[in-house]
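Let me begin by presenting the structure, written as structure tokens, before commenting on it.
For this chain, numbers begin at 1 and follow the sequence in order. Given the structure is predicted, the values throughout are model-derived calculations rather than measurements.
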Amino acid sequence: YAGSQWAQKALAADNFFARGYCYYNGLGTGLDFKTAMSCLVASSEQQGDEYGQYLLAEMLSGQGEDERAMFWFEKSGEQGFAWAQFMVGQ
């Protein structure tokens, strides 16, 4: 129940990363990768969120868009996000 309340607040918030995370994971809503991608792009570009950049890169990689994914892995890694740094180093 607490997770559901968090998801509803996140979906209503003006926080692109939180909304994208909810849509990406189906929290408080159905899975919606198109909306998740839109939210994570906004989070990554406008807010410079390193975890949002990482999730965006994961989504792009899963769709075979490796060049675009690497761009966002690198952006996230430059901000110190360890998993992104790992992905860039592979």
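- If you take NZ on Lys75 and CG on Asp49, they are separated by 14.0 Å, rounding to the nearest 0.5 Å.
- Looking at Gln63 and Arg68, their side chains never come closer than 4.5 Å, going by heavy atoms from C-beta outward.
- For Gly52 against Ser43, the heavy-atom pair with the smallest separation is CA-OG, 4.3 Å.
- Although no hydrogens or angles enter the test, the distance criterion places no donor-acceptor pair under 3.5 Å between the side chain of Ser76 and the main chain of Trp72.
- Nearest approach of Leu55 to Tyr24, heavy atoms of both residues: CD2-CE2, 4.0 Å.
- Annotation: side chain of Ser61 is in contact with side chain of Asp66 (closest heavy-atom distance under 4.5 Å).
- Atom-to-atom distance recorded for Glu74:CD and Gln53:CD is 11.5 Å, nearest 0.5 angstrom.
- Atoms SG and CG, from Cys22 and Leu31 in turn, are 11.5 Å apart once rounded to the nearest 0.5 Å.
- At least one donor-acceptor pair under 3.5 Å links the side chain of Gln79 to the backbone N or O of Gly48.
- Expressed to the nearest 0.5 Å, how far CZ of Arg19 lies from OG1 of Thr29 amounts to 11.0 Å.
- Under a hydrophobic clustering in which Ile, Leu, Val, Met, Phe, Trp and Tyr are joined whenever their side-chain heavy atoms come within less than 4.5 Å, directly or via other members, Phe86 and Phe73 fall into the same cluster.
- By the 30° and 60° cut-offs, the orientation of the rings of Phe17 relative to Tyr21 is tilted.
- The two atoms that bring Phe33 and Met59 nearest to each other are O-CE, 3.3 Å, heavy atoms only.
- By the criterion of side-chain heavy atoms lying less than 4.5 angstrom apart, applied directly or through intervening Ile, Leu, Val, Met, Phe, Trp or Tyr residues, Met87 is grouped together with Met70 in one hydrophobic cluster.
- Between the side chain of Gln85 and the backbone N or O of Gly77, at least one donor-acceptor pair lies under 3.5 Å.
- Side-chain contact of Glu50 with Tyr54: a donor-acceptor pair under 3.5 Å is absent, judged by distance alone.
- Considering only heavy atoms from C-beta on, Leu60 comes within 4.5 Å of Met37 through its side chain.
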